[in-house]
Amino acid sequence: MKAHRAILIKLPRDKCDANYIKRLMALTNLAYRDYEVWTPDLPKRVQHQLYGFKDFKKSLVFGTEPKRWFARAWVPLKMQRVYNDGAKRGATDALVVLDFRNNIIKIRQVCRSEPGYSIELPMPRWVVERVGEGGDVRFAMIGLRDNEPYLALVAEREVEPYQSSGYILAIDVNSWRYGIAWGLIRSGRIVSFKQDGLNPQRIVSLYNQAIKREKKLGILKRLGLDDAINAKRAGRMARRLRSRAYRLINEEAMFMAGKLVRKALRYGAFVVIDDVDWEGLRELLTRKYGGRVGKLLLSGLKRFVKLLVTQLEWYGAPYEFRRLYSRKCPRCGHKLTQQRGRVMVCENCGFKAPRDKVPIHWAMKL
Ligand SMILES: [Zn+2]
(Lines give C-alpha, C1' and ligand atoms only; values in the text may rest on other atoms or scores of the structure.)
Protein backbone atom coordinates (compact mmCIF):
# COMPACT_ATOMS: atom_id res chain seq x y z
CA MET A 1 0.00 0.00 0.00
CA LYS A 2 1.23 3.46 -0.84
CA ALA A 3 0.92 6.04 1.92
CA HIS A 4 1.28 9.78 1.47
CA ARG A 5 1.98 12.78 3.61
CA ALA A 6 2.12 16.39 2.57
CA ILE A 7 3.54 19.63 3.84
CA LEU A 8 3.07 23.27 2.86
CA ILE A 9 6.13 25.51 2.95
CA LYS A 10 5.65 29.24 2.86
CA LEU A 11 7.80 30.90 0.23
CA PRO A 12 9.45 34.28 0.78
CA ARG A 13 7.01 36.83 -0.56
CA ASP A 14 9.70 39.25 -1.75
CA LYS A 15 11.30 36.57 -3.90
CA CYS A 16 8.08 35.47 -5.56
CA ASP A 17 5.87 37.19 -8.08
CA ALA A 18 2.31 36.36 -7.01
CA ASN A 19 0.87 37.44 -10.35
CA TYR A 20 3.19 35.12 -12.22
CA ILE A 21 2.20 32.21 -9.99
CA LYS A 22 -1.45 33.17 -10.50
CA ARG A 23 -0.97 32.89 -14.27
CA LEU A 24 0.69 29.49 -13.93
CA MET A 25 -2.24 28.34 -11.80
CA ALA A 26 -4.72 29.47 -14.44
CA LEU A 27 -2.75 27.58 -17.11
CA THR A 28 -2.76 24.49 -14.89
CA ASN A 29 -6.51 24.69 -14.67
CA LEU A 30 -6.67 24.73 -18.46
CA ALA A 31 -4.27 21.79 -18.65
CA TYR A 32 -6.59 19.78 -16.42
CA ARG A 33 -9.32 20.52 -18.92
CA ASP A 34 -7.22 19.26 -21.81
CA TYR A 35 -6.54 22.67 -23.26
CA GLU A 36 -3.02 23.49 -24.28
CA VAL A 37 -2.32 27.17 -24.28
CA TRP A 38 1.20 28.22 -25.19
CA THR A 39 1.94 31.76 -24.19
CA PRO A 40 5.02 33.32 -25.81
CA ASP A 41 6.15 35.25 -22.74
CA LEU A 42 6.41 32.29 -20.36
CA PRO A 43 9.50 30.06 -20.26
CA LYS A 44 9.01 27.05 -22.53
CA ARG A 45 10.51 24.75 -19.95
CA VAL A 46 7.77 25.57 -17.46
CA GLN A 47 4.99 25.21 -20.01
CA HIS A 48 6.33 21.88 -21.30
CA GLN A 49 6.19 20.60 -17.80
CA LEU A 50 2.59 21.63 -17.32
CA TYR A 51 1.38 19.55 -20.24
CA GLY A 52 3.80 16.74 -19.61
CA PHE A 53 1.99 16.19 -16.34
CA LYS A 54 -1.38 15.46 -17.86
CA ASP A 55 -0.94 11.71 -17.99
CA PHE A 56 0.11 11.40 -14.44
CA LYS A 57 -1.83 14.08 -12.67
CA LYS A 58 -4.34 11.59 -11.25
CA SER A 59 -1.61 9.99 -9.18
CA LEU A 60 -0.93 13.23 -7.39
CA VAL A 61 -2.40 13.27 -3.95
CA PHE A 62 -2.44 17.00 -3.79
CA GLY A 63 -3.74 17.52 -7.26
CA THR A 64 -7.45 17.28 -6.92
CA GLU A 65 -9.01 18.30 -10.16
CA PRO A 66 -10.27 21.90 -10.07
CA LYS A 67 -14.06 21.86 -9.99
CA ARG A 68 -14.76 25.23 -11.51
CA TRP A 69 -13.54 27.02 -14.57
CA PHE A 70 -10.84 29.50 -13.67
CA ALA A 71 -10.52 28.06 -10.20
CA ARG A 72 -6.89 28.21 -9.23
CA ALA A 73 -5.17 24.86 -9.56
CA TRP A 74 -1.84 24.18 -7.92
CA VAL A 75 0.95 23.84 -10.42
CA PRO A 76 2.53 20.37 -10.44
CA LEU A 77 6.31 20.45 -10.77
CA LYS A 78 8.87 17.79 -11.59
CA MET A 79 11.23 16.93 -8.76
CA GLN A 80 14.74 15.77 -8.38
CA ARG A 81 16.32 14.45 -5.20
CA VAL A 82 20.08 14.56 -4.70
CA TYR A 83 21.06 12.40 -1.73
CA ASN A 84 24.06 12.60 0.57
CA ASP A 85 25.91 9.86 -1.30
CA GLY A 86 25.45 11.74 -4.57
CA ALA A 87 22.72 9.41 -5.82
CA LYS A 88 20.01 11.16 -7.83
CA ARG A 89 16.38 10.33 -8.30
CA GLY A 90 13.71 11.97 -10.37
CA ALA A 91 13.71 14.13 -13.45
CA THR A 92 16.91 15.77 -14.67
CA ASP A 93 14.93 18.73 -16.05
CA ALA A 94 13.17 19.21 -12.71
CA LEU A 95 12.15 22.65 -11.51
CA VAL A 96 12.38 21.65 -7.86
CA VAL A 97 15.53 20.06 -6.50
CA LEU A 98 15.86 18.65 -2.99
CA ASP A 99 19.55 18.80 -2.32
CA PHE A 100 20.32 16.76 0.79
CA ARG A 101 24.07 17.34 0.46
CA ASN A 102 23.72 21.07 0.96
CA ASN A 103 20.46 20.87 2.90
CA ILE A 104 18.58 23.16 0.56
CA ILE A 105 15.61 23.16 -1.77
CA LYS A 106 16.13 24.87 -5.11
CA ILE A 107 13.14 26.19 -7.01
CA ARG A 108 13.74 27.24 -10.59
CA GLN A 109 11.76 29.42 -12.94
CA VAL A 110 8.41 29.25 -11.21
CA CYS A 111 8.71 32.04 -8.68
CA ARG A 112 9.37 34.78 -11.17
CA SER A 113 9.23 35.02 -14.95
CA GLU A 114 12.90 35.76 -15.51
CA PRO A 115 15.27 33.46 -17.42
CA GLY A 116 17.38 31.47 -15.00
CA TYR A 117 15.64 32.82 -11.92
CA SER A 118 15.82 30.50 -8.94
CA ILE A 119 15.45 30.64 -5.19
CA GLU A 120 16.83 28.50 -2.38
CA LEU A 121 15.14 27.46 0.84
CA PRO A 122 16.57 25.65 3.84
CA MET A 123 15.61 21.97 3.88
CA PRO A 124 12.69 21.53 6.31
CA ARG A 125 13.10 18.98 9.10
CA TRP A 126 9.85 17.40 7.93
CA VAL A 127 11.53 16.29 4.69
CA VAL A 128 14.54 14.81 6.47
CA GLU A 129 12.25 12.91 8.87
CA ARG A 130 10.06 11.45 6.11
CA VAL A 131 13.12 10.33 4.15
CA GLY A 132 14.57 8.88 7.36
CA GLU A 133 11.41 6.81 7.71
CA GLY A 134 11.95 5.29 4.28
CA GLY A 135 9.80 7.72 2.37
CA ASP A 136 10.57 9.45 -0.88
CA VAL A 137 9.50 13.05 -1.41
CA ARG A 138 8.25 12.58 -4.93
CA PHE A 139 5.86 15.37 -5.79
CA ALA A 140 5.96 19.12 -5.58
CA MET A 141 3.48 21.84 -6.37
CA ILE A 142 3.49 25.57 -6.20
CA GLY A 143 0.48 27.79 -5.63
CA LEU A 144 -1.13 30.62 -3.74
CA ARG A 145 -3.16 30.38 -0.60
CA ASP A 146 -4.75 33.55 0.73
CA ASN A 147 -2.57 35.21 -1.89
CA GLU A 148 0.64 33.95 -0.24
CA PRO A 149 3.00 31.74 -2.25
CA TYR A 150 3.57 28.18 -1.03
CA LEU A 151 5.45 25.11 -2.08
CA ALA A 152 3.68 21.83 -1.38
CA LEU A 153 5.73 18.65 -1.03
CA VAL A 154 4.26 15.18 -1.01
CA ALA A 155 6.12 12.20 0.40
CA GLU A 156 5.31 8.66 -0.61
CA ARG A 157 6.10 5.46 1.19
CA GLU A 158 5.39 1.82 0.49
CA VAL A 159 4.02 0.31 3.68
CA GLU A 160 2.25 -2.85 4.86
CA PRO A 161 -0.11 -2.48 7.84
CA TYR A 162 1.17 -4.34 10.91
CA GLN A 163 -0.68 -7.13 12.67
CA SER A 164 -2.46 -5.81 15.72
CA SER A 165 -1.07 -7.02 19.04
CA GLY A 166 -4.55 -7.46 20.49
CA TYR A 167 -4.84 -3.93 21.78
CA ILE A 168 -7.60 -1.69 20.41
CA LEU A 169 -7.31 2.08 20.55
CA ALA A 170 -10.79 3.60 20.31
CA ILE A 171 -11.02 7.29 19.45
CA ASP A 172 -14.27 9.15 20.01
CA VAL A 173 -14.50 12.49 18.24
CA ASN A 174 -18.10 13.13 19.16
CA SER A 175 -17.34 13.96 22.77
CA TRP A 176 -15.84 17.25 21.50
CA ARG A 177 -17.38 19.12 24.43
CA TYR A 178 -14.73 17.64 26.70
CA GLY A 179 -12.09 17.21 24.06
CA ILE A 180 -11.31 14.02 22.20
CA ALA A 181 -11.89 10.82 24.15
CA TRP A 182 -9.78 7.74 23.69
CA GLY A 183 -9.73 4.36 25.34
CA LEU A 184 -7.22 1.56 25.19
CA ILE A 185 -8.89 -1.84 25.20
CA ARG A 186 -7.41 -5.26 25.77
CA SER A 187 -9.33 -8.54 26.00
CA GLY A 188 -12.67 -6.80 26.40
CA ARG A 189 -11.44 -4.54 29.19
CA ILE A 190 -10.77 -0.80 29.18
CA VAL A 191 -7.13 -0.49 30.21
CA SER A 192 -7.03 3.29 30.12
CA PHE A 193 -9.36 6.11 29.22
CA LYS A 194 -8.82 9.82 28.79
CA GLN A 195 -10.33 12.96 27.35
CA ASP A 196 -8.10 15.79 26.25
CA GLY A 197 -7.23 18.35 23.62
CA LEU A 198 -9.45 20.54 21.45
CA ASN A 199 -10.94 22.55 24.27
CA PRO A 200 -13.84 24.32 22.55
CA GLN A 201 -14.41 26.81 25.37
CA ARG A 202 -11.08 28.55 24.79
CA ILE A 203 -11.60 28.77 21.06
CA VAL A 204 -15.16 30.01 21.42
CA SER A 205 -14.07 32.70 23.83
CA LEU A 206 -11.24 33.93 21.57
CA TYR A 207 -13.54 34.00 18.62
CA ASN A 208 -16.29 35.83 20.45
CA GLN A 209 -13.81 38.46 21.58
CA ALA A 210 -12.83 38.96 17.94
CA ILE A 211 -16.48 39.37 16.95
CA LYS A 212 -17.02 41.89 19.75
CA ARG A 213 -14.11 44.00 18.46
CA GLU A 214 -15.40 43.73 14.92
CA LYS A 215 -18.78 45.04 16.05
CA LYS A 216 -17.11 47.94 17.77
CA LEU A 217 -15.21 48.66 14.57
CA GLY A 218 -18.48 48.55 12.63
CA ILE A 219 -20.03 51.15 14.92
CA LEU A 220 -17.02 53.45 14.60
CA LYS A 221 -17.12 53.05 10.84
CA ARG A 222 -20.75 54.06 10.66
CA LEU A 223 -19.89 57.15 12.68
CA GLY A 224 -17.18 57.95 10.17
CA LEU A 225 -14.47 57.35 12.77
CA ASP A 226 -12.73 54.42 11.14
CA ASP A 227 -9.50 56.40 10.83
CA ALA A 228 -9.37 57.02 14.55
CA ILE A 229 -6.73 55.30 16.65
CA ASN A 230 -9.43 53.40 18.53
CA ALA A 231 -10.85 51.93 15.36
CA LYS A 232 -7.45 50.88 14.08
CA ARG A 233 -6.67 49.20 17.37
CA ALA A 234 -10.02 47.35 17.37
CA GLY A 235 -9.42 46.13 13.84
CA ARG A 236 -5.92 44.96 14.67
CA MET A 237 -7.06 43.16 17.81
CA ALA A 238 -9.95 41.48 15.98
CA ARG A 239 -7.60 40.11 13.32
CA ARG A 240 -5.12 38.96 15.92
CA LEU A 241 -7.74 37.18 18.04
CA ARG A 242 -9.26 35.49 15.07
CA SER A 243 -5.98 34.18 13.76
CA ARG A 244 -5.06 33.02 17.26
CA ALA A 245 -8.29 30.99 17.36
CA TYR A 246 -7.45 29.40 14.01
CA ARG A 247 -3.91 28.67 15.07
CA LEU A 248 -4.99 27.19 18.37
CA ILE A 249 -7.46 24.78 16.81
CA ASN A 250 -4.92 23.76 14.19
CA GLU A 251 -2.19 23.19 16.73
CA GLU A 252 -4.45 21.11 18.95
CA ALA A 253 -5.59 18.98 16.01
CA MET A 254 -1.95 18.34 15.08
CA PHE A 255 -0.87 17.67 18.63
CA MET A 256 -3.70 15.22 19.35
CA ALA A 257 -3.27 13.35 16.07
CA GLY A 258 0.47 12.93 16.68
CA LYS A 259 -0.06 11.85 20.27
CA LEU A 260 -2.67 9.21 19.41
CA VAL A 261 -0.66 7.84 16.50
CA ARG A 262 2.35 7.40 18.82
CA LYS A 263 0.10 5.63 21.30
CA ALA A 264 -1.22 3.26 18.65
CA LEU A 265 2.32 2.43 17.51
CA ARG A 266 3.61 1.91 21.05
CA TYR A 267 0.92 -0.70 21.76
CA GLY A 268 0.73 -2.12 18.25
CA ALA A 269 -2.97 -1.38 18.49
CA PHE A 270 -5.78 -1.67 16.01
CA VAL A 271 -7.37 1.77 15.83
CA VAL A 272 -11.12 2.30 15.79
CA ILE A 273 -12.15 5.84 14.88
CA ASP A 274 -15.58 7.24 15.50
CA ASP A 275 -17.34 7.50 12.14
CA VAL A 276 -18.83 10.88 12.87
CA ASP A 277 -22.11 12.03 11.42
CA TRP A 278 -20.59 15.35 10.33
CA GLU A 279 -23.88 16.83 9.23
CA GLY A 280 -25.45 16.16 12.61
CA LEU A 281 -22.40 17.46 14.45
CA ARG A 282 -22.39 20.63 12.35
CA GLU A 283 -26.00 21.31 13.32
CA LEU A 284 -25.25 20.68 16.97
CA LEU A 285 -22.21 22.98 17.04
CA THR A 286 -23.97 25.72 15.07
CA ARG A 287 -26.95 25.60 17.41
CA LYS A 288 -24.76 25.83 20.46
CA TYR A 289 -22.10 28.34 19.41
CA GLY A 290 -23.49 30.06 16.32
CA GLY A 291 -22.59 29.56 12.66
CA ARG A 292 -19.08 30.92 12.46
CA VAL A 293 -17.66 29.41 15.62
CA GLY A 294 -19.48 26.15 14.93
CA LYS A 295 -17.88 25.95 11.51
CA LEU A 296 -14.46 26.66 12.98
CA LEU A 297 -14.78 23.91 15.59
CA LEU A 298 -16.04 21.48 12.98
CA SER A 299 -13.12 22.24 10.69
CA GLY A 300 -10.75 21.54 13.60
CA LEU A 301 -12.30 18.14 14.25
CA LYS A 302 -12.27 17.27 10.56
CA ARG A 303 -8.66 18.28 10.34
CA PHE A 304 -7.84 16.10 13.34
CA VAL A 305 -9.43 13.03 11.72
CA LYS A 306 -7.67 13.71 8.41
CA LEU A 307 -4.28 14.09 10.09
CA LEU A 308 -4.89 11.00 12.19
CA VAL A 309 -5.74 8.81 9.20
CA THR A 310 -2.86 10.16 7.10
CA GLN A 311 -0.34 9.40 9.83
CA LEU A 312 -1.80 5.98 10.70
CA GLU A 313 -1.49 5.01 7.06
CA TRP A 314 2.02 6.38 6.85
CA TYR A 315 3.18 4.24 9.78
CA GLY A 316 1.15 1.20 8.74
CA ALA A 317 -1.22 1.15 11.70
CA PRO A 318 -4.41 -0.78 10.88
CA TYR A 319 -7.57 1.24 11.44
CA GLU A 320 -11.28 1.26 10.82
CA PHE A 321 -14.11 3.77 10.98
CA ARG A 322 -17.09 2.73 13.04
CA ARG A 323 -20.05 4.55 14.48
CA LEU A 324 -19.48 4.84 18.22
CA TYR A 325 -22.75 5.76 19.89
CA SER A 326 -23.19 7.23 23.33
CA ARG A 327 -26.96 6.81 23.77
CA LYS A 328 -27.44 3.36 22.31
CA CYS A 329 -26.73 0.15 24.17
CA PRO A 330 -23.61 -1.56 22.79
CA ARG A 331 -24.97 -4.93 23.96
CA CYS A 332 -28.52 -4.93 22.64
CA GLY A 333 -28.99 -1.70 20.67
CA HIS A 334 -31.72 -0.45 23.02
CA LYS A 335 -31.91 3.27 23.82
CA LEU A 336 -29.96 4.11 26.98
CA THR A 337 -31.35 6.30 29.72
CA GLN A 338 -29.21 8.76 31.57
CA GLN A 339 -29.13 8.65 35.34
CA ARG A 340 -27.55 10.96 37.87
CA GLY A 341 -23.81 11.51 37.53
CA ARG A 342 -23.87 10.98 33.75
CA VAL A 343 -24.34 7.24 34.07
CA MET A 344 -26.07 5.52 31.19
CA VAL A 345 -28.26 2.49 31.83
CA CYS A 346 -29.97 0.05 29.50
CA GLU A 347 -33.44 -0.86 30.73
CA ASN A 348 -33.54 -3.81 28.40
CA CYS A 349 -30.36 -5.74 29.26
CA GLY A 350 -28.98 -4.00 32.32
CA PHE A 351 -25.85 -2.57 30.67
CA LYS A 352 -24.43 0.30 32.70
CA ALA A 353 -21.50 2.65 32.05
CA PRO A 354 -20.41 6.27 32.43
CA ARG A 355 -21.74 8.22 29.50
CA ASP A 356 -18.34 9.15 28.03
CA LYS A 357 -17.20 5.54 28.03
CA VAL A 358 -20.20 4.12 26.17
CA PRO A 359 -18.57 4.81 22.76
CA ILE A 360 -15.49 2.90 23.88
CA HIS A 361 -17.75 -0.08 24.66
CA TRP A 362 -19.02 0.12 21.12
CA ALA A 363 -15.47 -0.17 19.83
CA MET A 364 -15.02 -3.29 21.94
CA LYS A 365 -17.59 -5.15 19.86
CA LEU A 366 -14.94 -5.82 17.25
ZN1 LIG B 1 -28.89 -3.21 26.38
Side-chain angles (χ1 to χ4, degrees), residues 1-10 58-67 73-74 124 126-127 129-130 133 135 137-141 143 145-146 150-157 159 161 169-176 179-182 195-200 203 243 245-265 269-286 293-324 359 363:
M1 192 186 82
K2 278 192 173 69
H4 295 98
R5 283 181 77 174
I7 189 179
L8 280 181
I9 301 160
K10 204 169 186 173
K58 288 242 160 51
S59 69
L60 286 170
V61 239
F62 237 86
T64 47
E65 217 157 310
K67 288 186 190 67
W74 284 61
W126 183 92
V127 172
E129 281 172 1
R130 298 297 83 81
E133 288 162 352
V137 183
R138 282 191 62 190
F139 307 108
M141 290 189 157
R145 190 171 165 177
D146 300 330
Y150 282 92
L151 177 73
L153 295 177
V154 181
E156 188 177 272
R157 183 189 182 201
V159 59
L169 179 64
I171 300 170
D172 178 22
V173 182
N174 239 330
S175 78
W176 51 273
I180 284 157
W182 52 263
Q195 286 167 304
D196 58 353
L198 284 178
N199 178 347
I203 287 149
S243 72
Y246 279 103
R247 214 166 40 231
L248 188 68
I249 201 156
N250 241 331
E251 276 168 10
E252 292 212 9
M254 264 163 65
F255 173 77
M256 282 306 294
K259 180 176 165 172
L260 288 169
V261 168
R262 282 193 300 276
K263 191 169 280 296
L265 295 177
F270 186 90
V271 182
V272 180
I273 309 165
D274 184 12
D275 193 7
V276 188
D277 165 18
W278 291 110
E279 196 48 40
L281 189 57
R282 190 179 64 85
E283 269 172 35
L284 192 81
L285 290 170
T286 311
V293 185
K295 236 172 99 183
L296 179 64
L297 290 172
L298 193 75
S299 76
L301 288 170
K302 278 190 175 165
R303 181 155 167 75
F304 162 75
V305 173
K306 176 118 195 287
L307 285 166
L308 182 69
V309 167
T310 309
Q311 292 186 28
L312 289 173
E313 282 180 0
W314 181 263
Y315 293 110
Y319 72 93
E320 188 184 293
F321 279 99
R322 177 178 273 255
R323 265 315 280 281
L324 305 175

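Here NZ of Lys259 is found 13.0 Å from CG of Leu308. Values are rounded to the nearest 0.5 Å. Ile203 contributes atom CD1, which lies 4.0 Å from atom CD1 of Ile249 (distance to the nearest 0.5 angstrom). Remark: Asp277 CG to Arg282 CZ distance equals 10.5 Å, nearest 0.5 Å. Considering CG of Leu307 and CZ of Phe255, their distance stands at 13.5 Å, rounded to 0.5 Å.
Here the shortest heavy-atom pairing between Ala317 and Leu265 reads CB-CD2, 4.4 Å. The minimum heavy-atom distance between His4 and Thr310, with the atom names listed, is O-CG2, 3.2 Å. A pairwise comparison of heavy atoms in Ala170 and Ala363 identifies CB-CB, 3.4 Å as the closest pair. Listed here is the closest heavy atom pair of Val159 and Trp314: CG2-O, 4.0 Å. Taking each heavy atom of Gln311 and Gly258 in turn, the nearest pair found is OE1-CA, 3.9 Å.
Tyr150 is linked by a side-chain hydrogen bond (donor to acceptor under 3.5 Å, both in side chains) to nothing, counting only residues two or more places apart in sequence or in another chain. With sequence neighbours left out, the salt bridge (Lys or Arg N to Asp or Glu O under 4.0 Å) criterion links Glu283 to no other residue. Under the salt bridge (Lys or Arg N to Asp or Glu O under 4.0 Å) criterion, Arg130 pairs with Glu133, not counting sequence neighbours.
Residues Ile273 and Leu312 are in side-chain contact: their nearest non-hydrogen atoms beyond the backbone lie under 4.5 Å apart. Side chains of Ser299 and Lys295 form no contact here, defined as non-hydrogen atoms less than 4.5 Å apart. Inter-residue side-chain proximity for Tyr319 and Leu169 is flagged as unmet; no heavy-atom pair is nearer than 4.5 Å. Proximity of Phe321 to Val305: side-chain heavy atoms (C-beta onward) are separated by under 4.5 Å at one or more points. No side-chain heavy atom of Glu252 sits under 4.5 Å from any side-chain heavy atom of Phe304. Side-chain contact check for Leu301 versus Val276: every heavy-atom pair is 4.5 Å or farther apart.
Counting heavy-atom neighbours within 6.0 Å of Arg323 CZ, excluding the residue itself, gives a total above 12. In the displayed structure, Tyr315 atom OH is contacted under 6.0 Å by more than 12 heavy atoms of other residues, nucleotides or ligands.
A donor-acceptor pair under 3.5 Å is absent between the side-chain atoms of Arg5 and the main chain of Ala155, judged by distance alone. Checking side-chain atoms of Asp274 against main-chain N and O of Leu324 turns up a donor-acceptor pair under 3.5 Å.
For the pairing with Trp182, the side-chain contact (heavy atoms from CB on, under 4.5 Å) check across Val173, Asp196, Val272 returns one residue only, Asp196.
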